[in-house]
Protein chains: 2
Amino acid sequence: MKVIVNKLLFRFPTNMATTETTQKLFQQFEPELLKKIQQVGLVRKFKTDEYLMQTGQQIRSAVLVLDGVVKVFREDDEGNEVFMYNLHPGEACAISMTCAARQLSSQIMAKALVDTEVLVIPVELMDEWALKYRSWYQFVLETYRARFEELLDTLDHIAFRNLDERLLWYLKQHQKSLKSNFIKTSFTDIALELNSSREVISRLMKKLAEKGHVKLHKNEVEILHLKM
Amino acid sequence: MKVIVNKLLFRFPTNMATTETTQKLFQQFEPELLKKIQQVGLVRKFKTDEYLMQTGQQIRSAVLVLDGVVKVFREDDEGNEVFMYNLHPGEACAISMTCAARQLSSQIMAKALVDTEVLVIPVELMDEWALKYRSWYQFVLETYRARFEELLDTLDHIAFRNLDERLLWYLKQHQKSLKSNFIKTSFTDIALELNSSREVISRLMKKLAEKGHVKLHKNEVEILHLKM
DNA sequence: TCCCCCATGTGATGCTTATCACGCCAGAAG
DNA sequence: CTTCTGGCGTGATAAGCATCACATGGGGGA
């Protein structure tokens with residue numbers, strides 16, 4: 001196993017609080033597996049807006065989120081962005097798992113939405129564990145199922161909802177993921193994520209404000225009630 | 001294992017040709033696993049347009065396609081249809097696998113596009129094999145990865161392509177899946193799949209015909225060249 | 001202080017697509 | 001033959017959204 005050493009990378013046991021967090025987040029694992037995870041897992045920290053992964057990068061490990069939020073999305077040739085899903089503590093990225101398993105590079109980007117802590121599991125162990133621990137196999141499957149469902153949800157919205165509903169959905173997701181009613185993302189960036197344009201978002205925000213769903217502050221949107 | 005007996009359901013070895021097909025399609029499996037598949041797998045046949053699976057149905061088995069084409073899609077509350085992907089011989093449905101594994105009902109519909117033959121593996125064995133045979137575990141993972149990629153591809157098209165390009169894409173998929181240059185699907189049904197309307201498809205088809213990509217016959221579209 | 005940049009607000013305009021309203025034709029059924 | 005039905009063609013109209021053009025206003029740096 002190649003160990004990249006920098007100040008953001010630790011052997012798991014170096015952080016006692018994290019060990020406890022892991023035990024809480026991954027209760028479903030057999031004690032033996034949990035112990036192994038703690039022995040070989042590497043904790044890696046990312047600051048807000050840092051990239052965990054970028055297009056074309058080879059993936060050599062599975063990533064489990066311990067703390068924070070990771071936005072997973074794709075970018076096509078023309079720079080269009082496709083939001084896929086956000087990952088929260090206790091969750092893992094499905095794509096990273098198979099790409100890791102098959103040593104493929106991916107077309108995926110992953111970015112920390114807030115300061116984030118993840119647990120990195122080398123690819124060789126992933127496979128080994130899948131054959132050895134039922135709970136790990138189940139976890140991998142469940143990860144797939146959940147991401148798949150989320151992707152389908154995203155698909156539904158893009159296919160059938162108008163921009164105003166999608167904007168509401170976006171706001172709701174931020175509220176849930178970041179556990180905050182204040183969104184500091186610029187309209188330009190929101191437009192990018194929804195594949196729209198700044199002007200349109202501006203107009204729609206105004207409508208939402210008129211309806212009392214949000215309140216617009218300087219460089220910030222406050223979510224009031226998102227009836228849904 | 002509960003065995004449903006009808007004329008469309010056979011113990012695997014009853015059909016020697018199918019046994020050979022399976023060996024060809026699933027070369028990656030260890031001989032021992034292949035043998036087991038042939039012992040316990042059930043062959044089930046579906047006629048064109050028959051449903052393999054409908055919304056809300058409990059899934060109790062994994063489905064591997066032996067012959068034909070299976071269209072997998074979702075329908076939302078308002079009757080909107082979301083195309084997900086087509087399954088071809090040697091492929092399996094990812095959704096059915098985890099839903100089976102977790103005994104969940106799904107929101108998925110699956111329909112035979114032509115006369116189709118599938119192999120049904122009871123859910124208990126799926127899990128057992130995953131822990132026992134590396135090749136089966138890899139197959140499950142690869143199935144997920146592939147379906148995931150296809151879903152992303154669909155997402156890209158819906159999000160960024162105009163209807164004319166999506167129609168071309170649709171035609172190309174049919175050509176590939178059904179290995180035929182003739183499409184008998186009515187414009188109304190194509191419109192349903194692309195979440196558009198008959199009139200629009202009609203106009204776009206005319207454009208494609210003018211450009212020489214297709215030729216319109218009575219109740220049938222002939223694909224000429226789909227430059228892409 | 002002045003200037004510039006960045007985020008935002010807003011009107012005008014045009015493209016893509018949905019929808020409505022018809023008309024046409026062919027094959028099936030009476 | 002007549003009627004009915006289902007698939008298709010086509011114009012008119014409008015909604016949703018992108019894009020362009022330009023304005024405003026605040027904060028930071030020279």
Side-chain angles (χ1 to χ4, degrees), chain A residues 48-49 76 78-83 154-171 174 182-223, chain B residues 48-49 76 78-83 154-171 174 182-223:
Chain A
T48 304
D49 287 336
D76 75 357
E78 289 143 35
N80 295 313
E81 179 182 322
V82 196
F83 169 77
T154 302
L155 190 61
D156 275 0
H157 276 265
I158 292 181
F160 303 120
R161 308 300 170 188
N162 285 343
L163 248 189
D164 51 354
E165 281 188 76
R166 289 176 55 210
L167 181 55
L168 270 174
W169 190 63
Y170 172 90
L171 293 173
H174 261 248
F182 292 88
I183 296 188
K184 293 199 174 53
T185 317
S186 76
F187 288 6
T188 308
D189 288 347
I190 296 178
L192 189 71
E193 178 145 327
L194 295 176
N195 302 115
S196 174
S197 57
R198 184 189 60 75
E199 298 94 315
V200 174
I201 299 298
S202 172
R203 285 186 250 264
L204 289 178
M205 274 301 187
K206 196 180 161 192
K207 269 198 207 166
L208 289 184
E210 280 164 8
K211 286 187 194 164
H213 291 140
V214 299
K215 192 165 179 184
L216 303 178
H217 301 276
K218 181 72 194 163
N219 291 328
E220 197 175 48
V221 177
E222 179 181 0
I223 298 173
Chain B
T48 304
D49 288 336
D76 76 356
E78 290 143 35
N80 295 314
E81 178 182 325
V82 196
F83 169 75
T154 303
L155 191 61
D156 275 1
H157 277 264
I158 293 180
F160 304 120
R161 308 298 171 191
N162 284 344
L163 249 188
D164 50 355
E165 280 188 75
R166 290 176 54 210
L167 180 55
L168 269 175
W169 191 63
Y170 172 89
L171 294 174
H174 261 248
F182 292 86
I183 296 189
K184 295 201 173 52
T185 317
S186 76
F187 288 6
T188 309
D189 288 348
I190 297 178
L192 188 72
E193 177 146 326
L194 295 176
N195 304 115
S196 175
S197 56
R198 184 189 60 76
E199 298 94 315
V200 174
I201 299 298
S202 172
R203 285 187 251 263
L204 290 178
M205 275 302 188
K206 196 181 161 193
K207 267 197 207 169
L208 289 184
E210 280 164 7
K211 285 186 194 164
H213 291 140
V214 300
K215 192 165 178 183
L216 303 178
H217 301 276
K218 181 73 196 163
N219 290 328
E220 196 174 50
V221 177
E222 179 181 1
I223 298 172

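Predicted model only: the values in this text are computed from it and were never measured. Naming convention: chains lettered A, B, ... in sequence-line order (proteins, then strands); numbering from 1 in each chain.
With sequence neighbours excluded, no residue satisfies ring pair (Phe, Tyr, Trp, His ring centres under 6.0 Å) with A/Phe83. Looking at residues two or more places apart in sequence or on another chain, you find a side-chain contact (heavy atoms from CB on, under 4.5 Å) between A/Asp164 and A/Asn162, A/Leu204. Take A/Lys184 and apply the salt bridge (charged side-chain N to carboxylate O under 4.0 Å, His left out) test, not counting sequence neighbours, and it matches A/Glu220. Remark: A/Asn80 pairs with A/Asp76 by the side chain to side chain donor-acceptor pair (under 3.5 Å) rule, at least two apart or across chains. Partners of A/Phe187 by ring pair (Phe, Tyr, Trp, His ring centres under 6.0 Å), not counting sequence neighbours: none found.
Atom-to-atom, CD1 of A/Ile201 to P of C/dT10 comes out at 15 Å; the value is rounded to the nearest Å. In this structure, CG of B/Leu194 is placed 11 Å from P of C/dT17, rounded to the nearest angstrom. Protein atom NE2 of A/His217 is 19 Å distant from nucleotide atom P of C/dA7, rounded to whole Å. We find that NZ of A/Lys215 is positioned 18 Å from C1' of C/dT8, with the value rounded to whole Å. The CZ atom of B/Arg166 sits 13 Å away from the C1' atom of C/dA18 (whole-angstrom rounding). If you measure from atom CG of B/Leu163 to atom C1' of C/dA18, you get 10 Å, rounded to the nearest angstrom. Distance, A/Leu216 CG to C/dT8 P: 9 Å, rounded to whole Å. The distance from atom CG of B/Leu192 to atom P of C/dA18 is 12 Å, rounded to the nearest whole Å.
Note on residues 185-197 of chain B: pairs passing side-chain hydrogen bond (donor to acceptor under 3.5 Å, both in side chains), not counting sequence neighbours, are B/Lys71-B/Glu193. For the salt bridge (charged side-chain N to carboxylate O under 4.0 Å, His left out) condition, no pair includes a residue of residues 194-203 of chain B, sequence neighbours left out.
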Steps toward side chain to side chain contact (heavy atoms under 4.5 Å, CB included) verdict (B/Ile158, B/Arg166): CA-CA 8 Å; B/Ile158 293 180; B/Arg166 290 176 54 210; 4.1 Å; yes
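Extent of DNA chain D lying under 4.0 Å from chain B heavy atoms, first and last nucleotide in 5' to 3' order, is D/dG7 to D/dA12.
A 4.5 Å side-chain heavy-atom check between A/His213 and A/Leu171 finds every atom pair outside the cut-off.
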Could you list all N or O pairs between the protein and nucleotides 11-13 of chain C that sit under 3.5 Å apart?
unit_1 : atom_1 : unit_2   : atom_2 : d
C/dG11 : N7     : A/Arg203 : NH1    : 3.0
C/dG11 : O6     : A/Arg203 : NH2    : 3.2
C/dA12 : N6     : A/Arg203 : NH2    : 3.4

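Counting any heavy atom pair closer than 4.0 Å across all strands shown, A/Ser186 reaches sugar-phosphate atoms only and no base atom.
Comparing A/Arg198 and A/Asn195 by the nucleotide of DNA chain D that holds the closest heavy atom to each, the one mapping nearer the 5' end is A/Asn195.
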